[in-house]
Amino acid sequence: MHLSACQPFKLDLGWLQGQAFRWTKREGWFYGIVEGNLIKVRQAEGGIEFHSNASEESLKPLVISYFRLDQDITPTHKALRKAGLGDLVDKYGGTRILRQDPWECLIAYACSRNNNVERITAIVDALATRYGECQTLDGVTCHSFPSAKCLAEVGKEELERLGFGLNRAELISKLAQDVAARELPLDDLTHCSHEEARCRLMKYPGIGQKIAACVCLFSLHMDDAFPVDTHIGNGLKRRFGKEYTPVAKNARLLAWARDKFGAHAGYAGQLLFLEGRHSKGG
DNA sequence: GACCAGGCCGCTA
DNA sequence: TAGCGGCATGGT
(Lines give C-alpha, C1' and ligand atoms only; values in the text may rest on other atoms or scores of the structure.)
Protein backbone atom coordinates (compact mmCIF):
# COMPACT_ATOMS: atom_id res chain seq x y z
CA MET A 1 0.00 0.00 0.00
CA HIS A 2 1.23 3.46 -0.86
CA LEU A 3 1.07 6.25 1.72
CA SER A 4 1.96 9.83 0.95
CA ALA A 5 4.17 11.78 3.33
CA CYS A 6 4.68 15.44 4.01
CA GLN A 7 7.95 16.35 2.35
CA PRO A 8 10.81 16.06 2.78
CA PHE A 9 10.64 12.50 4.06
CA LYS A 10 13.36 9.94 3.51
CA LEU A 11 13.63 6.52 5.08
CA ASP A 12 17.11 5.71 6.23
CA LEU A 13 18.50 3.02 8.47
CA GLY A 14 20.63 5.62 10.25
CA TRP A 15 17.78 7.46 11.86
CA LEU A 16 15.47 4.46 12.14
CA GLN A 17 17.99 2.44 14.15
CA GLY A 18 19.11 5.55 15.96
CA GLN A 19 15.69 5.73 17.54
CA ALA A 20 14.11 2.29 17.46
CA PHE A 21 17.13 -0.05 17.24
CA ARG A 22 15.48 -3.13 15.73
CA TRP A 23 14.80 -2.01 12.15
CA THR A 24 16.68 -4.01 9.52
CA LYS A 25 17.14 -3.55 5.80
CA ARG A 26 16.93 -6.37 3.25
CA GLU A 27 16.88 -5.95 -0.50
CA GLY A 28 15.71 -2.38 -0.40
CA TRP A 29 13.00 -2.94 2.21
CA PHE A 30 13.04 -1.92 5.87
CA TYR A 31 11.56 -4.55 8.18
CA GLY A 32 10.24 -3.74 11.61
CA ILE A 33 7.40 -4.14 14.08
CA VAL A 34 4.67 -1.51 14.28
CA GLU A 35 2.00 -2.03 16.93
CA GLY A 36 2.85 -5.69 17.16
CA ASN A 37 2.74 -6.30 13.40
CA LEU A 38 5.72 -7.08 11.23
CA ILE A 39 5.74 -4.72 8.26
CA LYS A 40 8.12 -3.88 5.47
CA VAL A 41 8.44 -0.36 4.09
CA ARG A 42 10.44 1.39 1.44
CA GLN A 43 10.78 4.81 -0.02
CA ALA A 44 8.28 5.61 -2.77
CA GLU A 45 7.38 8.60 -4.85
CA GLY A 46 5.99 11.22 -2.49
CA GLY A 47 5.94 8.87 0.49
CA ILE A 48 6.34 5.22 1.35
CA GLU A 49 5.12 1.83 0.30
CA PHE A 50 4.37 -0.70 3.01
CA HIS A 51 3.23 -4.29 3.22
CA SER A 52 2.18 -6.66 5.96
CA ASN A 53 0.49 -10.00 6.41
CA ALA A 54 -2.06 -8.22 8.57
CA SER A 55 -4.77 -6.07 7.03
CA GLU A 56 -2.96 -3.14 5.46
CA GLU A 57 -6.09 -1.05 5.56
CA SER A 58 -6.36 -1.40 9.33
CA LEU A 59 -2.62 -0.85 9.78
CA LYS A 60 -2.64 2.28 7.65
CA PRO A 61 -3.39 4.82 10.42
CA LEU A 62 -0.86 3.13 12.70
CA VAL A 63 1.86 3.32 10.09
CA ILE A 64 1.05 6.95 9.34
CA SER A 65 1.27 7.75 13.04
CA TYR A 66 4.42 5.69 13.63
CA PHE A 67 6.40 7.39 10.88
CA ARG A 68 4.54 10.66 11.32
CA LEU A 69 3.86 10.88 7.64
CA ASP A 70 1.21 13.51 8.26
CA GLN A 71 3.48 15.84 10.20
CA ASP A 72 4.14 19.12 8.44
CA ILE A 73 7.85 19.34 9.10
CA THR A 74 8.24 22.79 7.55
CA PRO A 75 7.86 24.81 10.78
CA THR A 76 10.45 22.57 12.46
CA HIS A 77 12.93 23.03 9.65
CA LYS A 78 12.33 26.75 9.62
CA ALA A 79 12.97 26.98 13.35
CA LEU A 80 16.11 24.85 13.18
CA ARG A 81 17.54 26.90 10.32
CA LYS A 82 16.92 30.02 12.34
CA ALA A 83 18.73 28.39 15.26
CA GLY A 84 21.80 27.76 13.13
CA LEU A 85 21.26 24.13 12.14
CA GLY A 86 20.55 24.77 8.46
CA ASP A 87 23.28 22.43 7.26
CA LEU A 88 21.81 19.61 9.32
CA VAL A 89 18.35 20.28 7.93
CA ASP A 90 19.84 20.02 4.44
CA LYS A 91 21.57 16.75 5.31
CA TYR A 92 19.02 15.01 7.51
CA GLY A 93 15.77 16.83 6.73
CA GLY A 94 14.04 13.60 5.73
CA THR A 95 14.23 12.38 9.33
CA ARG A 96 11.22 12.05 11.61
CA ILE A 97 10.90 11.48 15.33
CA LEU A 98 9.08 8.15 15.39
CA ARG A 99 6.13 7.39 17.59
CA GLN A 100 7.22 4.13 19.09
CA ASP A 101 5.56 1.80 21.51
CA PRO A 102 6.40 3.32 24.92
CA TRP A 103 7.03 -0.05 26.56
CA GLU A 104 9.66 -1.26 24.13
CA CYS A 105 11.14 2.22 23.97
CA LEU A 106 11.45 2.39 27.74
CA ILE A 107 13.19 -0.97 27.98
CA ALA A 108 15.55 -0.26 25.10
CA TYR A 109 16.70 3.05 26.54
CA ALA A 110 16.84 1.63 30.05
CA CYS A 111 19.61 -0.54 28.60
CA SER A 112 21.47 2.38 27.08
CA ARG A 113 23.67 3.23 30.04
CA ASN A 114 27.26 2.02 29.59
CA ASN A 115 26.23 0.56 26.32
CA ASN A 116 26.39 1.15 22.59
CA VAL A 117 23.74 1.01 19.90
CA GLU A 118 24.85 -2.37 18.57
CA ARG A 119 24.76 -4.02 21.96
CA ILE A 120 21.46 -2.42 22.92
CA THR A 121 20.00 -3.80 19.72
CA ALA A 122 21.48 -7.22 20.41
CA ILE A 123 20.09 -7.64 23.90
CA VAL A 124 16.66 -6.18 23.11
CA ASP A 125 16.51 -8.49 20.13
CA ALA A 126 17.58 -11.45 22.25
CA LEU A 127 14.70 -10.70 24.57
CA ALA A 128 12.22 -10.47 21.71
CA THR A 129 13.56 -13.63 20.10
CA ARG A 130 13.18 -15.56 23.35
CA TYR A 131 9.79 -14.24 24.49
CA GLY A 132 8.15 -12.34 21.63
CA GLU A 133 5.80 -13.62 18.99
CA CYS A 134 7.59 -14.90 15.89
CA GLN A 135 6.38 -13.39 12.63
CA THR A 136 7.49 -13.94 9.08
CA LEU A 137 7.01 -11.73 6.04
CA ASP A 138 8.43 -12.71 2.66
CA GLY A 139 10.92 -15.00 4.30
CA VAL A 140 12.11 -12.44 6.85
CA THR A 141 11.54 -13.38 10.46
CA CYS A 142 11.06 -10.86 13.24
CA HIS A 143 9.77 -11.08 16.79
CA SER A 144 7.35 -8.70 18.43
CA PHE A 145 8.46 -7.27 21.75
CA PRO A 146 7.23 -9.24 24.79
CA SER A 147 4.64 -7.57 26.99
CA ALA A 148 5.33 -6.13 30.42
CA LYS A 149 3.27 -8.94 31.94
CA CYS A 150 5.44 -11.48 30.20
CA LEU A 151 8.69 -9.88 31.37
CA ALA A 152 7.34 -9.50 34.89
CA GLU A 153 6.98 -13.26 35.01
CA VAL A 154 10.37 -13.89 33.46
CA GLY A 155 12.29 -12.65 36.48
CA LYS A 156 15.55 -10.82 36.78
CA GLU A 157 17.75 -13.91 36.89
CA GLU A 158 16.67 -14.88 33.40
CA LEU A 159 17.17 -11.30 32.19
CA GLU A 160 20.65 -11.39 33.57
CA ARG A 161 21.30 -14.63 31.70
CA LEU A 162 20.17 -12.97 28.48
CA GLY A 163 23.03 -10.51 28.84
CA PHE A 164 21.44 -7.50 30.51
CA GLY A 165 23.81 -7.39 33.45
CA LEU A 166 22.70 -7.41 37.07
CA ASN A 167 21.67 -3.79 37.46
CA ARG A 168 19.83 -3.51 34.18
CA ALA A 169 18.09 -6.82 34.87
CA GLU A 170 16.84 -5.51 38.20
CA LEU A 171 15.65 -2.26 36.69
CA ILE A 172 13.86 -3.93 33.82
CA SER A 173 12.26 -6.49 36.07
CA LYS A 174 10.95 -3.72 38.30
CA LEU A 175 9.67 -1.72 35.34
CA ALA A 176 7.93 -4.80 33.97
CA GLN A 177 6.18 -5.44 37.26
CA ASP A 178 5.03 -1.86 37.64
CA VAL A 179 3.88 -1.46 34.06
CA ALA A 180 2.04 -4.79 34.21
CA ALA A 181 0.33 -3.73 37.44
CA ARG A 182 -0.33 -0.27 36.01
CA GLU A 183 1.67 1.29 38.80
CA LEU A 184 3.38 2.93 35.87
CA PRO A 185 0.61 3.46 33.29
CA LEU A 186 2.84 4.17 30.32
CA ASP A 187 0.13 4.92 27.80
CA ASP A 188 -1.45 7.46 30.11
CA LEU A 189 1.81 9.39 30.32
CA THR A 190 1.13 10.60 26.79
CA HIS A 191 -1.57 12.79 28.29
CA CYS A 192 0.59 14.08 31.13
CA SER A 193 2.67 17.18 31.04
CA HIS A 194 6.22 16.67 29.92
CA GLU A 195 7.41 17.49 33.41
CA GLU A 196 5.15 14.97 35.09
CA ALA A 197 6.03 12.19 32.67
CA ARG A 198 9.70 12.84 33.23
CA CYS A 199 9.32 12.75 37.01
CA ARG A 200 7.32 9.53 36.93
CA LEU A 201 10.05 7.84 34.92
CA MET A 202 12.91 9.25 36.95
CA LYS A 203 11.54 7.76 40.15
CA TYR A 204 13.18 4.54 39.09
CA PRO A 205 16.81 4.23 40.16
CA GLY A 206 18.74 3.87 36.94
CA ILE A 207 16.51 6.17 34.91
CA GLY A 208 17.86 9.69 34.85
CA GLN A 209 17.42 12.81 32.75
CA LYS A 210 18.73 11.36 29.54
CA ILE A 211 16.76 8.11 29.45
CA ALA A 212 13.56 9.80 30.62
CA ALA A 213 13.97 12.39 27.88
CA CYS A 214 14.44 9.66 25.27
CA VAL A 215 11.23 7.93 26.31
CA CYS A 216 9.33 11.23 26.31
CA LEU A 217 10.67 12.15 22.89
CA PHE A 218 10.52 8.86 21.05
CA SER A 219 7.31 7.39 22.44
CA LEU A 220 5.29 9.91 24.42
CA HIS A 221 4.85 12.52 21.68
CA MET A 222 6.87 15.20 23.44
CA ASP A 223 8.89 16.88 20.71
CA ASP A 224 10.38 19.41 23.08
CA ALA A 225 12.26 16.75 25.06
CA PHE A 226 16.00 17.15 24.71
CA PRO A 227 18.09 14.11 25.61
CA VAL A 228 21.76 15.04 25.75
CA ASP A 229 24.21 12.22 25.15
CA THR A 230 27.89 12.28 24.26
CA HIS A 231 27.27 12.87 20.53
CA ILE A 232 24.81 15.68 21.07
CA GLY A 233 26.98 17.19 23.76
CA ASN A 234 29.95 17.24 21.40
CA GLY A 235 27.84 18.79 18.66
CA LEU A 236 26.60 21.51 20.99
CA LYS A 237 30.09 22.30 22.10
CA ARG A 238 31.42 22.43 18.56
CA ARG A 239 28.62 24.57 17.21
CA PHE A 240 27.60 26.72 20.10
CA GLY A 241 30.45 26.46 22.58
CA LYS A 242 28.12 24.99 25.15
CA GLU A 243 29.65 23.21 28.07
CA TYR A 244 28.56 19.64 28.31
CA THR A 245 28.78 17.49 31.40
CA PRO A 246 28.32 13.73 31.07
CA VAL A 247 25.54 13.79 33.64
CA ALA A 248 23.51 16.00 31.31
CA LYS A 249 22.00 17.37 34.44
CA ASN A 250 23.07 20.82 33.60
CA ALA A 251 19.86 22.76 34.09
CA ARG A 252 21.35 25.73 32.30
CA LEU A 253 22.06 23.67 29.22
CA LEU A 254 18.50 22.36 29.13
CA ALA A 255 17.14 25.86 29.63
CA TRP A 256 19.38 27.11 26.86
CA ALA A 257 18.11 24.38 24.52
CA ARG A 258 14.52 25.14 25.41
CA ASP A 259 15.10 28.77 24.62
CA LYS A 260 17.05 28.07 21.43
CA PHE A 261 14.96 25.30 19.88
CA GLY A 262 11.66 25.54 21.77
CA ALA A 263 9.07 22.98 20.73
CA HIS A 264 11.54 21.58 18.18
CA ALA A 265 14.31 20.69 20.63
CA GLY A 266 13.82 16.97 20.04
CA TYR A 267 14.43 17.34 16.32
CA ALA A 268 17.44 19.53 16.96
CA GLY A 269 18.91 16.88 19.21
CA GLN A 270 18.18 14.12 16.75
CA LEU A 271 19.94 15.90 13.89
CA LEU A 272 22.93 16.62 16.13
CA PHE A 273 22.96 12.97 17.10
CA LEU A 274 22.95 11.83 13.48
CA GLU A 275 25.78 14.18 12.68
CA GLY A 276 27.74 12.99 15.71
CA ARG A 277 27.34 9.31 14.90
CA HIS A 278 28.01 9.88 11.23
CA SER A 279 31.22 11.77 11.91
CA LYS A 280 32.36 8.90 14.09
CA GLY A 281 31.95 6.62 11.11
CA GLY A 282 28.74 4.99 12.35
C1' DG B 1 45.00 -2.37 30.62
C1' DA B 2 42.94 1.70 28.60
C1' DC B 3 39.24 3.54 26.46
C1' DC B 4 34.66 3.85 24.79
C1' DA B 5 29.45 3.31 24.43
C1' DG B 6 23.08 7.73 23.26
C1' DG B 7 24.55 7.63 32.11
C1' DC B 8 23.22 7.58 36.93
C1' DC B 9 23.86 8.70 41.65
C1' DG B 10 25.64 10.55 45.87
C1' DC B 11 28.62 13.58 48.11
C1' DT B 12 30.49 18.15 48.72
C1' DA B 13 30.92 23.07 48.70
C1' DT C 1 22.81 24.04 42.03
C1' DA C 2 27.19 22.39 39.81
C1' DG C 3 31.05 19.88 39.92
C1' DC C 4 33.43 15.78 40.77
C1' DG C 5 34.29 10.91 41.40
C1' DG C 6 32.62 6.25 41.74
C1' DC C 7 30.18 2.75 39.54
C1' DA C 8 28.48 0.13 35.66
C1' DT C 9 29.33 -3.78 31.71
C1' DG C 10 30.98 -5.68 27.77
C1' DG C 11 33.78 -4.93 23.51
C1' DT C 12 37.95 -3.59 21.02
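Atom set for the values below is all heavy atoms of this structure, side chains included, hydrogens, waters and symmetry mates excluded. Quick caveat: nothing in here was measured; it's all calculated off a predicted structure. Chain letters run A, B, ... following the sequence lines, proteins first, then strands; residues in each count from 1.
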Is there a side-chain polar atom (N or O) of A:Arg252 under 4.0 Å from OP1 or OP2 of C:dA2?
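The answer is yes; a side-chain N or O of A:Arg252 sits under 4.0 Å from OP1 or OP2.
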Between [X] ([atom1]) and [N] ([atom2]), how many Å, whole number?
X        : N     : atom1 : atom2 : answer
A:Lys174 : B:dC8 : NZ    : P     : 19 Å
A:Tyr204 : B:dC9 : OH    : P     : 13 Å
A:Leu171 : B:dC8 : CG    : P     : 10 Å
A:Leu253 : C:dT1 : CG    : C1'   : 14 Å
A:Tyr109 : B:dC8 : OH    : P     : 13 Å
A:Arg277 : B:dC4 : CZ    : C1'   : 13 Å
A:Ile120 : B:dC4 : CD1   : P     : 18 Å
A:Glu118 : B:dA5 : CD    : P     : 11 Å

[X]: partners by ring pair (Phe, Tyr, Trp, His ring centres under 6.0 Å), with sequence neighbours left out:
X        : answer
A:Tyr109 : A:Phe21, A:Phe218
A:His191 : none
A:Phe273 : A:His231

Identify each donor-acceptor pair in which a side-chain atom of residues 126-134 of chain A lies under 3.5 Å from a protein atom, sequence neighbours left out, and give them as a table.
from     : atom 1 : to       : atom 2 : distance (Å)
A:Thr129 : OG1    : A:Asp125 : O      : 2.7
A:Tyr131 : OH     : A:Glu158 : OE2    : 2.8

Using the side chain to side chain donor-acceptor pair (under 3.5 Å) rule, collect all pairs that involve residues 212-227 of chain A, keeping only residues at least two apart or in two chains.
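Those involving residues 212-227 of chain A are A:Arg68-A:Asp223, A:His194-A:Asp224.
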Below 4.0 angstrom, which residues in residues 211-227 of chain A have at least one non-hydrogen atom near DNA chain B?
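DNA chain B contact set from residues 211-227 of chain A: A:Ile211, A:Cys214, A:Phe218, A:Pro227.
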Do we see a donor-acceptor contact under 3.5 Å between the side chains of A:Asp12 and A:Tyr92?
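Short answer, no.
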Using heavy atoms to find the nearest nucleotide of DNA chain B for A:Phe273 and A:Gly206 separately, return the residue whose nucleotide is more 5′.
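First, find each residue's nearest nucleotide; the 5'-ward one identifies A:Phe273.
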Spacing of the P atoms in B:dC3 and C:dG5 (rounded, Å):
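Taking atom P in both C:dG5 and B:dC3, they lie 15 Å apart.
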For the P atoms, the ones on C:dG6 and on B:dA2, what distance do you get once it is rounded to whole angstrom?
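Nearest-Å result for C:dG6 against B:dA2 at atom P: 14 Å.
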For nucleotides 9-12 of chain C, list the nitrogen or oxygen atoms of the protein found under 3.5 Å from its nitrogen or oxygen atoms, one pair per line.
from  : atom 1 : to       : atom 2 : distance (Å)
C:dT9 : OP1    : A:Asn167 : N      : 2.8
C:dT9 : O2     : A:Asn114 : O      : 3.0

Sidechain N-carboxylate O distance under 4.0 Å for A:Arg81, A:Asp90
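Looking at A:Arg81 and A:Asp90, the cut-off is met.
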List for me each residue that meets side-chain hydrogen bond (donor to acceptor under 3.5 Å, both in side chains) alongside A:Glu160, sequence neighbours excluded, and say none if there are none.
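Residues passing side-chain hydrogen bond (donor to acceptor under 3.5 Å, both in side chains) with A:Glu160: none at all.
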Each residue besides A:Leu137 in its hydrophobic cluster should be listed here, by chain and number; the cluster joins Ile, Leu, Val, Met, Phe, Trp and Tyr at side-chain heavy-atom distances under 4.5 Å.
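Under the 4.5 Å side-chain rule, A:Leu137 groups with A:Trp29, A:Tyr31, A:Ile33, A:Leu38, A:Val140.
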